[in-house]
Amino acid sequence: MKFPEDFLWGGAIAANQVEGAVNAGGKGLSTSDLLPRGILQPHEKPDQKGPNIKDVAIDFYHRFPEDIALLAGMGFTCLRMSIAWSRIFPQGDESEPCEAGLAFYDRVFAELEKYGIQPFVTLSHYEMPYGLVEKYGGWANRRLIGFFERYAEVVFQRYSRQVKLWLTFNEINMSLHAPFTGVGLAEEATEQQIYQAIHHQLLASARVVRLCHATITGAKIGNMLLGAIAYPLSCHPDDVIATMLENNKWLFFGDVQVRGRYPGYMCRYFRENNIDLEMEVGDLAELADASVDFISFSYYASLCASADSSRKEVGNIVAGVPNPHLAKSEWGWQIDPKGIRYLLNVLYDRYQKPLFVVENGLGASDVIDDNGQIKDDYRIAYLNDHLLQVAEALADGVEIIGYTSWGPIDLVSNSTAEMSKRYGFIYVDRNDDGSGTMRRIKKKSYYWYKEVIGSRGGALRNLS
Ligand code: BGP
């Protein structure tokens, strides 16, 4: 089985996890700069800010020509990346954008163009200017919608020729678990505050979907969900209902962004939990009129749900009950290749719109052997098995635009801010304590992925 000819192949990175150069070109402080231990730990106050591995990250800001050449060497046709909002509007509320920030991405896009790699840009990947938190209280404040629109308008206009594929907010459902990162609220924010902020973010997303269509000819813009697909722990009806409710928590975001309205199950949840959203006349009409062109998602692991919620453990940001049939990665994330086929089918059945797998991969520690090589067969096995299941979903009739594996070059982990949790085909010699030469080394998986792309999936093998 071959993947379609126009299937996009590549990898995904995020500005705050690769760029470093936190103060270069007038960049402002972002929420991510204040999370030295990852997004699930409390954030620092700006005046207590200590050193942060992301201050330098993998120095993509200065080394992007070398890095893009390496990615091109694998035959990438697409690179998912993000723009750091705080490079364009350092405080978030300026009336004019920062030219140095815009010029940086001009250079990155020009480099990608040299190799025929399509940029696929997330407007907000786990960061926002901290000024918007300090001065306005984050997304709880309706004014954030306007600031985000202005930012989107500037980048849509500036890059209308180079960038035809866009995403609004990375893993938009994650605000329920990490509100500081998602919506700029304190870790102890109430559900009422979080859902109010989410309402504003969903409206902002709807507005920029329309803005993108109006500004860029031929552009497509999607949403991005953390695909936290839950299975019932048992066939007990109570577990099945618990699973339905668990899945509703994240599908809600897709339902608003694709179907354009608040679903009944969510209205019930709001009623029963005394959540009362403040809306303006016209909000619901705006949501109804801005369906995304495609749905994108990250998938690392599935989870189980049970009527007994005390059995939950935290995996990739979302907590779930461990599945007794699955092995775990070194970081405790359960490995479930078939889950991606299931998830692709669930989303396609529900929305009947094209899908894009924008993150998938194995975080593992790598060892350089005596010959200077990194034989990451575990990573090859993980990706191979997941891609085979993507092929199964294609055979099921699911429309899939492309696949970008997470972290094609090692980068700083989001949940734990570690360098040692590596996802890349390309090793970066940098350690958790900041030591290392920053040298880039191709791993065994580099040559494997190149062959997979070159053969349109023909090189995938049944390994398990
Ligand atoms: C997703 C994020 C990414 C990325 C990935 C892997 O939730 O969108 O930014 O980091 O997870 O997670 P981690 O880096 O914690 O291993």
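On a predicted model such as this, the values are computed, not experimentally measured, just so you know. Computed over heavy atoms, backbone and side chain alike; hydrogens, waters and symmetry mates excluded. As the structure lists them, so they are numbered: ligands from 1, and atoms in each ligand from 1.
- Contact check on K328 versus E313 returns a salt bridge, with a Lys/Arg side-chain nitrogen under 4.0 Å from an Asp/Glu carboxylate oxygen.
- R80 has a carboxylate O that lies under 4.0 Å from a charged side-chain N of E359, or vice versa, which qualifies the two as a salt bridge.
- Close contacts of ligand 1 with K421, meaning ligand atoms under 4.0 Å from a residue heavy atom, involve 13 (P), 15 (O), 16 (O).
- Heavy atoms of A14 found under 4.0 angstrom from ligand 1: none, in either backbone or side chain.
- Every atom of ligand 1 is numbered from 1 in the order shown, and the set under 4.0 Å from a heavy atom of Y423 is 6 (C), 12 (O), 13 (P), 16 (O).
- In this structure, the side chains of N223 and I172 stay at 4.5 Å or more apart for every pair of heavy atoms.
- In summary, of the residues considered (W406, F169, F120), a ring pair (Phe, Tyr, Trp, His ring centres under 6.0 Å) with H125 occurs for W406 alone.
- Between F252 and Y262, the two ring planes are tilted [angle within 30° to 60°].
- Proximity of W331 to ligand 1 is not established, as no heavy-atom distance is less than 4.0 Å.
- For L226, the closest heavy-atom approach to ligand 1 does not fall below 4.0 Å.
- With salt bridges taken as basic N to acidic carboxylate O contacts below 4.0 Å, none links E44 and K49.
- Geometrically, ligand 1 and T416 share no nitrogen or oxygen pair separated by less than 3.5 Å.
- We find that R422 and E330 are not joined by a salt bridge, their nearest charged nitrogen and carboxylate oxygen being 4.0 Å or further apart.
- In this structure, of Q17, R422, M224, E359, the residue bringing a heavy atom nearest to atom 2 (C) of ligand 1 is E359.
- Close approach to N170 involves these atoms of ligand 1, each under 4.0 Å from a residue heavy atom: 8 (O).
- The proximity of Y299 to ligand 1, defined as any non-hydrogen pair under 4.0 Å, does not occur for either the backbone or the side chain.
- Residue contacts with ligand 1: H125 is included, with a non-hydrogen atom under 4.0 Å away.
- The ligand atoms of ligand 1 that sit less than 4.0 angstrom from a heavy atom of Y126 are 2 (C), 7 (O), 8 (O).
- A salt bridge is defined here as a Lys NZ or Arg NE, NH1 or NH2 lying under 4.0 Å from an Asp or Glu carboxylate O, and K375 with D366 fails to meet this definition.
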